[in-house]
Structures are given as C-alpha cells and as structure tokens.
Amino acid sequence: MRNYLLLGALLACGMALTACSDNASDPSSETTNPIPTYNLFTDATGSSAPFVGTGIYRYTMTFPANTVSVSVSSMPVPGGATLNFATDPVKFTASYLSMPDGKRAEVIKFGNVVANTPAVSNLNCVLTQAAYAPENVTIPGIEKRYLPSELQHFTVMQYDYNHWKVRTFWPDMTFHGTTNTSGATMAEPFSTTITSYRIVMHINDDKSIGNKADIIIYNSAFAANMPSLNIVVKDLDLTFSNAGYEVSGSDVVPYMIEAGELQPTPRFIFNNIRFSVTGDLTDVNADFQVAQIFNGSFTGSSILSE
C-alpha cells in the first residue's frame, strides 16, 4: 500500500517543477530542469539589428529552501560568440492558476538575480504552465502544438547582456483576448472573447526561426449573425525589431477546413493583417481588414496572469 501512495504523490506532482512539500523537516533535495526557449536580443543603443537565437536554461531548485539558480552554456549571442553564465540561488515563489480548460497551471517567479559575470544583470523570470492552449482542432499541414518540454513550462525571462536587452519567447503561442469588428454593412460594431489566435513561426531544420509564420484563427466570427469559423492565414511575413516581433501580410487568401483539407477561401481575403507582439513578448495588438468589408482589431495575451 505504501508504494501505491507514493506513486499517487509522484503523479500528483509530476507536472510541477516545485516539490510537493515545503516542510522544513523534510530532507533536502535538489533537481535541475533544462527548459529550451528562444532569445530576442535588442540593442539598447539602437545601433545594431535585433538578433534571435536559441537557448537552453537550466534551473536548479533546492528544497525545502525553495531556492533556484539559473545556468546556461554555449548559448549563441550577437557577434557570433557564445555565452556561459550561472547565477547565485535566490528564493522563488510558486502558485497555481486555473486555466479555462479546468487544468491547474504552476507559476514560478523569481528576480533580482546575481550572475557570475558582470555581462549579465537585472535578470527576472517567470516559469509558467499558464500558457493558453490552442483549440482541439486538427489543422491539415500544421504541426501539433510545439512545447518547450514535457512539463509544459514556458520561460518568460528578461535580462541585460552588456548593452543588449534579452527577452525570451516561444514560436508557437495562442493568444486570448477581445476582438472588435466593424463594417459599413454592419448594423453595429461586434465584440467577442471566444476568438483566439495562434501564431506558428516557421522553424528551420537547425531549429532557427525562419522569416514566415502562420496564424490560425479559432472560432472566428466577424459579425453577430456569422457562424464561428476556423481560419488559417499562411506564410505571413515575420520580422523582429526593438519593440518585439510582427507578423503581417496584405492581400492574403486564407484557408478553411473542408472535408479534412485546407481549401483556399478568397471571399474572406485579408486585405491586410498585422499582429504586433511587444513588451515581455506575451502581449499582442492586432488589426486586420477582411474582404474590404470587416475592419477588426484584437488585444490579448498568450499567458494567463494572476
């Protein structure tokens, strides 16, 4: 019976980075979890173009002290060099959020971290499972949701590296928020919170980010009397800037799912579409025009916050 109880406890905590107990009388333990992400380096002086690279951050957590330290090795940085650093351990806080699908999501926060190199400073981090999941809809030609790891923690981190600002992001994120549409043929403006938008960046064979992205629009409705639709807008331009990144295009024919296949749907042509992800790279502002009839805007986030 004891073994079954232990198994149950492990399963209950298996999707969490933190320990099940913070009782000071518990034996001390240490665990290291590698979590891959992508880094956007932007030049604070404005004299250099943004740089995008991969990174695997390793988080070493000690219990019951509830401290975390971060390390990285051979991580690409601007100029063709690589970066290695490790930080002193700091206290973290852990909490849980309830997601729209009813799942429990762990959120770990820590900051004011001191690294073993003066090149790295002002590091603050959130490790979160509270990233919105895409709708459970099979999209032909689009891979299943791309996740950082089996534990499904996403890294939302910012720090300074010399004169560069570093922000982490993930290339497959779904944004929830509010969509507003208006048009000359509409009796009144329309607003909805059921529509979500998934940005899927194209990944090269070497895991680097390409210059194109797809946007999947789930439960899209442009007016009150329209049925909700799943729309795929493919091969949009992806550009990075000091503000963040942008996915955009003009006169793009979208696709819809018919008989299990993506079919072009020119009657809903996007005359223009632009999604701008800024700040800590979890917030988006978007605008679009459809068939020269509907003018839409969207504001949302990819992460559920407390």
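Source: prediction; values computed, not measured. We number each residue from 1, following the sequence as shown.
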Indicate the atoms forming the closest heavy-atom contact of W164 with S48, along with that distance. CH2-CB, 3.5 Å

For F85 together with Y159, are the ring centres under 6.0 Å from each other? yes

Salt bridge or not between R167 and D280? Use side-chain N to carboxylate O under 4.0 Å. no

Count the heavy atoms belonging to other residues, nucleotides or ligands that lie under 6.0 Å from CG of D206, then report whether that count exceeds 12. yes

Tell me if the NZ atom of K91 is crowded by more than 12 foreign heavy atoms within 6.0 Å. yes

Let me check something: do I209 and I199 share a hydrophobic cluster, defined by ILVMFWY side-chain heavy atoms less than 4.5 Å apart, either directly or through other members? yes

With distance as the sole test, does E135 use its side chain to make a donor-acceptor pair with the main-chain N or O of N219 at under 3.5 Å? no

Check whether any side-chain heavy atom of F169 sits under 4.5 Å from a side-chain heavy atom of V277, and report yes or no. no

Hey, is CG on D251 packed in by over 12 heavy atoms from elsewhere, all under 6.0 Å? yes

Under a 3.5 Å cutoff, is there a donor and acceptor pairing between the side chains of N84 and S73? no

Residues 254-261, side-chain donor-acceptor partners within the protein, below 3.5 Å, at least two apart:
none

Carefully, step by step, assess H202 and D214 under the rule side chain to side chain donor-acceptor pair (under 3.5 Å). CA-CA 8 Å; H202 293 193; D214 305 326; 3.1 Å; yes

With no hydrogens and no angle check, is any side-chain donor or acceptor of T265 less than 3.5 Å from a backbone partner on Q263? yes

Kindly determine whether T282 and F154 satisfy side chain to side chain contact (heavy atoms under 4.5 Å, CB included), including the steps that lead there. CA-CA 11 Å; T282 66; F154 292 76; over 6 Å; no

Test F294 against every option in F270, F222, F288 by the ring-ring contact (aromatic ring centres under 6.0 Å, His included) rule and name the one that passes. F222

Please determine which of D287, D237, N285 meets the side chain to side chain donor-acceptor pair (under 3.5 Å) test together with R274. D287

Test item: T18 side-chain N/O and A94 main-chain N/O as donor-acceptor pair under 3.5 Å: no

Please say yes or no: joined through hydrophobic side-chain contacts below 4.5 Å, possibly via intermediate residues, are M157 and L281 part of one cluster? no

Are any of the side-chain nitrogens in D235 or K212 under 4.0 Å away from the carboxylate oxygens of its partner? no

Please report the shortest heavy-atom distance between S248 and L236, naming the atom on each side. O-CB, 3.5 Å

Apply side chain to side chain donor-acceptor pair (under 3.5 Å) to the pair S191 and N180, showing each step before the final yes or no. CA-CA 4 Å; S191 180; N180 296 295; 3.0 Å; yes

Taking the side chain as C-beta and beyond, is there a heavy-atom pair between V284 and Y197 under 4.5 Å? no

Could you check whether any side-chain heavy atom of L127 comes within less than 4.5 Å of a side-chain heavy atom of N33, counting everything from C-beta outward? no

Where do T31 and L17 come nearest, in terms of heavy atoms and distance? CG2-O, 4.5 Å

Single-linkage hydrophobic cluster, 4.5 Å side-chain cutoff, V107 and Y59 together: no

Given R198 and I142, is the side chain to side chain contact (heavy atoms under 4.5 Å, CB included) satisfied, shown in steps? CA-CA 11 Å; R198 179 183 173 193; I142 302 292; 4.2 Å; yes

Between Q129 (side chain only) and E106 (backbone N and O only), is there a donor and an acceptor less than 3.5 Å apart? yes

Verify the neighbour count for atom CG of N112: are there more than 12 heavy atoms of other residues, nucleotides or ligands below 6.0 Å? no

Strictly distance-based, threshold 3.5 Å: is any side-chain N or O of N122 a donor or acceptor partner for the main-chain N or O of D160? no

Over all heavy atoms of both residues, which pair between F298 and T195 is shortest? Give the atoms and the distance, please. CE1-O, 4.4 Å

Within the 4.5 Å heavy-atom criterion, are L40 and T42 side-chain neighbours or not? yes

Go through the steps for K234 and V252 under the test side chain to side chain contact (heavy atoms under 4.5 Å, CB included), then give the verdict. CA-CA 8 Å; K234 300 185 71 174; V252 183; over 6 Å; no

According to the interplanar angle, ranging from 0 to 90°, do the rings of Y146 and W170 count as parallel (below 30°), tilted (30 to 60°) or perpendicular (above 60°)? tilted

Is there a donor in the side chain of T60 and an acceptor in the side chain of T32, or the other way round, less than 3.5 Å apart? yes

Derivation of the side chain to side chain contact (heavy atoms under 4.5 Å, CB included) call for M75 and Y161: CA-CA 12 Å; M75 189 177 75; Y161 164 67; over 6 Å; no

What about Y245 and Y38, are their ring centers closer than 6.0 Å? no

